[in-house]
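Throughout, numbering of the chain's residues begins at 1 and tracks the sequence. Start at 1 and go down the list; that is how both ligands and their atoms are numbered. From a predicted model like this one, the values you see are computed outputs, not experimental measurements.
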Amino acid sequence: MKFDVLTLFPEMFEPMKKSVIGRAIEKGLLEINLINIRDFSKDKHKKVDDTVYGGGAGMLIKPDVVYDAFKSVKSEKSKVVYLSPQGKKLCQSKVEELAKKEHLILLCGHYEGIDQRVIDKIVDEEISIGDYVLTGGEIPAMVLIDSVSRYIDGVITGESISEESFSGSGLLEYPQYTRPEEFEGMKVPEVLQSGHHENINKWRRKEAIRITYQKRPDLLEKVNLTDEEKKLIEELENKE
Ligand code: 4GT
């Protein structure tokens, strides 16, 4: 999978060369190509922004430089995503959908944003990472790359993906423990040391339901629960 990132601050993506994503790049599973929008300025001072028509504070990125940067990377199969607070909020199912694409072009705004005409011309989808304002689309682009890359074969070792929060069951993850068996007077739950896998799975499912009920009850609406599990939730409700 290939990401082309159109940005004024390619250096911001340096940290992605570390850890899991860095190894995926080294293994050739993933390509992150950084395109500096400034390289496409025709201006002798490499100017990329200008004042806003109609007045108001700040500067906007000019449409022609963004368009030229886009043309330098576009392909038949590319899909252009503009990271913006106006976009649809990113969720795990959208992440999974994007992971099926071969080539994503991520457009990052800065300052007050980008001239609307080039957005209308080249953007296929606008995505937000949440309802808050940032100084640029670079961090949202990194969030998207990180979340999507985990779905590429070989990026994540082991089973993991289907069992975790927001995938599969729709529940949050059950609590997990490692050594020591006792920490600050707190013991690892007995059942997890029993080696009885059926009981362990039952305990984990129950804990996942309990934690989802306590931390994110809104998520439970979409979860398929057995009658027994619905009773468990009633019990939790009565405990309050
Ligand atoms: C928030 C988000 C985002 C910004 C988000 C254009 C100039 C947008 C600054 C940029 N803020 N981008 N993608 N919540 N700010 O996803």
Between the side chains of Glu234 and Asn238, does any donor sit under 3.5 Å from an acceptor?
no
Proximal atoms of ligand 1 relative to Ser84 (non-hydrogen, under 4.0 Å)
3 (C), 13 (N)
Distance alone, cut at 3.5 Å: any donor-acceptor contact between the side chains of Glu76 and His103?
no
List every atom of ligand 1 that sits less than 4.0 Å from any heavy atom of Tyr82, numbering the atoms from 1 in the order shown and giving each element.
6 (C)
Given side chains that start at C-beta, do those of Val95 and Tyr151 come closer than 4.5 Å, heavy atoms only?
yes
Of Leu34, Ile37, Val65, which is the lone residue that meets side-chain contact (heavy atoms from CB on, under 4.5 Å) with Leu6?
Ile37
Thr135 and ligand 1 - part of the residue with a heavy-atom distance under 4.0 Å:
backbone
Atoms of ligand 1 close to Gly130 [distance to a heavy atom under 4.0 angstrom, numbered from 1]:
14 (N)
Counting both backbone and side chain atoms, is some N or O of Val133 under 3.5 Å from an N or O of ligand 1?
no
Numbered atoms and elements of ligand 1 in range of Leu83, under 4.0 angstrom, heavy atoms
13 (N)
Ignoring angles and geometry beyond distance, decide whether Tyr132 reaches within less than 3.5 Å of ligand 1 through its nitrogen or oxygen atoms.
yes
Close-contact set for ligand 1 against Gly113 heavy atoms, below 4.0 Å
6 (C), 7 (C)
What are the atoms of ligand 1, with element, lying closer than 4.0 Å to any heavy atom of His110?
7 (C)
Looking only at protein heavy atoms, identify the closest one to atom 8 (C) of ligand 1 and say how far it is in Å.
Pro85 CD, 3.9 Å
Here the atoms of ligand 1 under 4.0 Å from any heavy atom belonging to Tyr111 are 7 (C), 9 (C)
Can you confirm, on distance only, whether ligand 1 has an N/O atom lying under 3.5 Å from any N/O atom belonging to Leu134?
yes
Taking NZ, NE, NH1 and NH2 as the nitrogens, is one of them in Arg150 or Glu164 under 4.0 Å from a carboxylate oxygen of the other?
yes
For ligand 1, which atoms, with element, lie under 4.0 Å from some heavy atom of Ser128?
5 (C), 14 (N), 16 (O)
Kindly determine whether Thr7 and Asn36 satisfy side chain to side chain contact (heavy atoms under 4.5 Å, CB included), including the steps that lead there.
CA-CA 5 Å; Thr7 171; Asn36 192 338; over 6 Å; no
May I ask you to say whether Asp39 pairs ionically with Lys46, meaning some side-chain N is under 4.0 Å from a carboxylate O?
no
With nothing but distance in play, are any N or O atoms of Pro140 less than 3.5 Å from an N or O of ligand 1?
no
Any Lys/Arg nitrogen of Glu229 or Arg205 sitting under 4.0 Å from an Asp/Glu carboxylate oxygen of the other?
yes
Kindly determine whether Leu144 and Ile129 satisfy side chain to side chain contact (heavy atoms under 4.5 Å, CB included), including the steps that lead there.
CA-CA 8 Å; Leu144 190 148; Ile129 61 160; 5.9 Å; no
